[in-house]
> 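Quick one: structure below, then a few questions.
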Amino acid sequence: MKIAFVGKGGSGKTTLSSLFIRHLAAEGSPVVAVDADINQHLGAALGLDEAEAAALPAMGEHLRLIKDHLRGSNPRIASADTMIKTTPPGEGSRLLRVQEDNPVYDACARPVELDGGTVRLMVTGPFTDADLGVACYHSKTGAVELCLNHLVDGPDEYVVVDMTAGSDSFASGMFTRFDMTFLVAEPTRKGVSVYRQYKEYARDFGVALRVVGNKVQGPDDLDFLRAEVGDDLLVTVGHSDWVRAMEKGRPPRFAALEESDRLALRTLREAADATYERRDWERYTRQMVHFHFRNAQSWGNERTGADLAAQVDPGFVLGESVTAGA
């Protein structure tokens, strides 16, 4: 299952995504965790110290390798130079799977040991001084979108992405790449403003969106969220001594997490798992192609000097039964 955590800056989305990743690992599920936020905090939330987090390889720095691998023998893609973040797979493309070993994981993923299991962690990489004035952070997250376009996952396999803050995900088609999107909202006007934007933008794309109320301190906070987001409110969480210790760099064993939070994490997993039966790979592929056409026309064709619409394989539908190209 592909799962995104979104929300405004400071909402707690990174904390909640890290707790969910820990929960899945403790249950023995295979997990690929991706920090797609330019403010790179997921590694620290998963227990890495500052030096370990800084040493994580940035996906953006391995974009050429990623493109070369994913292109495979696809005859519609002349070279890696003509691949952009929305390039869809076709006959001959190589696909990524959660539990395999491949050159992309070798270069970009690092194992992180958690209570009860190990997850693969991938990061976009931070916005650096070299990028100032010459780059947009969407160029960093493009590597994530390209990988998601070529990733096939099955039941009880999880790809958890900590997304960039706010509604910036709508700058590309990446917001349609997930089975479930959890929007973390505080019980404030600013806290629910991103929810309204997501709800409006995602309406026409069948995005499964549920709200996780964070920092909820009492009935008044709960009533506020129910009034603002209605039935999209899935679960709420409040203060956690375990989380406070984790933020200080001294987390107890994960088994010591408060029972109320453990129940909330189980609710998140159940909601995500329930989307599996509703998977529509044809719609997923169609949306991928839709955003590729839009990006090709708006900037891709001019940037690469190629007709990127020709990269689309009209007979190809991504799915669990598709085999990777050579």
Side-chain angles (χ1 to χ4, degrees), residues 2-25 31-61 108-115 118-129 131-132 135-145 147-148 158-169 171 174-175 178 181-186 190-191 194 212-215 237 239-252 254 257 261 264-265 268:
K2 302 182 187 73
I3 300 162
F5 280 81
V6 302
K8 78 173 186 66
S11 64
K13 66 179 181 63
T14 298
T15 297
L16 281 165
S17 62
S18 72
L19 289 176
F20 188 62
I21 291 165
R22 289 176 183 270
H23 170 72
L24 295 174
V31 181
V32 174
V34 183
D35 193 342
D37 194 337
I38 297 305
N39 297 312
Q40 304 271 279
H41 298 306
L42 184 58
L46 291 174
L48 300 185
D49 62 31
E50 187 174 331
E52 291 171 326
L56 292 169
M59 296 177 69
E61 294 179 1
C108 303
R110 292 295 180 267
V112 176
E113 299 286 341
L114 299 173
D115 292 354
T118 303
V119 303
R120 279 174 164 151
L121 175 61
M122 305 172 73
V123 303
T124 61
F127 204 68
T128 65
D129 290 343
D131 297 317
L132 294 176
C136 166
Y137 67 82
H138 296 117
S139 65
K140 299 282 188 180
T141 59
V144 178
E145 184 168 0
C147 287
L148 289 175
Y158 297 88
V159 180
V160 181
V161 182
D162 181 19
M163 297 282 278
T164 188
S167 57
D168 289 334
S169 304
M174 192 154 67
F175 73 97
F178 301 101
T181 297
F182 291 126
L183 190 146
V184 182
E186 300 167 87
K190 288 184 178 180
V194 175
V212 182
N214 192 27
K215 306 176 187 177
V237 293
H239 173 78
S240 165
D241 290 334
W242 193 98
V243 169
R244 180 56 60 88
M246 180 268 288
E247 291 173 340
K248 293 177 179 177
R250 301 193 296 268
F254 188 64
L257 182 70
D261 289 342
L265 293 173
L268 296 186

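One-based numbering along the sequence shown. These figures come from a predicted structure and were not determined experimentally.
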> Is the shortest distance from a Lys or Arg side-chain nitrogen in Lys13 or Asp162 to a carboxylate oxygen in the other one below 4.0 Å?
yes

> Could you report the tightest heavy-atom contact between Pro57 and Val123, atom names first, then the distance?
O-CG2, 3.4 Å

> Who passes side-chain hydrogen bond (donor to acceptor under 3.5 Å, both in side chains) against Ser11, sequence neighbours left out?
none

> I'd like to check the ring pair (Phe, Tyr, Trp, His ring centres under 6.0 Å) partners of Phe182; sequence neighbours left out, ordered by chain and number.
Phe5

> Thr15 and Met246: side chain to side chain contact (heavy atoms under 4.5 Å, CB included), yes or no, with the steps?
CA-CA 9 Å; Thr15 297; Met246 180 268 288; 4.0 Å; yes

> Taking the side chain from Asp35 and the backbone from His41, do they hold a donor-acceptor pair closer than 3.5 Å?
yes

> What distance do Ser18 atom OG and His23 atom NE2 have between them, rounded to the nearest 0.5 Å?
13.0 Å

> Rounded at 0.5 Å granularity, tell me how far CD in Glu145 sits from CE in Met174.
6.0 Å

> Evaluate the side chain to side chain contact (heavy atoms under 4.5 Å, CB included) criterion for residues Leu114 and Val31: first the C-alpha distance (whole Å), next the side-chain angles of each, then the deciding distance (0.1 Å), finally the verdict.
CA-CA 11 Å; Leu114 299 173; Val31 181; over 6 Å; no

> Dump the intermediate steps for side chain to side chain contact (heavy atoms under 4.5 Å, CB included) on Leu48 and Val112, then the final yes or no.
CA-CA 8 Å; Leu48 300 185; Val112 176; 4.2 Å; yes

> Nearest heavy-atom pair of Asn214 and Gly12: which atoms, and what distance?
ND2-CA, 3.7 Å

> To the nearest 0.5 Å, tell me how far Glu113 CD sits from Leu46 CG.
12.0 Å

> Tyr158 versus Ile3: any side-chain heavy-atom pair under 4.5 Å?
yes

> Do Ile21 and Leu42 come close enough that some side-chain heavy atom pair is under 4.5 Å?
yes

> Donor-acceptor pair, distance only, cut-off 3.5 Å: does the side chain of Glu247 make one with the backbone of Arg244?
no

> Apply side chain to side chain contact (heavy atoms under 4.5 Å, CB included) to the pair Arg110 and Glu52, showing each step before the final yes or no.
CA-CA 10 Å; Arg110 292 295 180 267; Glu52 291 171 326; over 6 Å; no

> Considering only heavy atoms from C-beta outward, does the side chain of Val159 approach that of Leu148 to under 4.5 Å?
yes

> So how far is it from Asp261 CG to His239 NE2, rounded to the nearest 0.5 Å?
10.0 Å

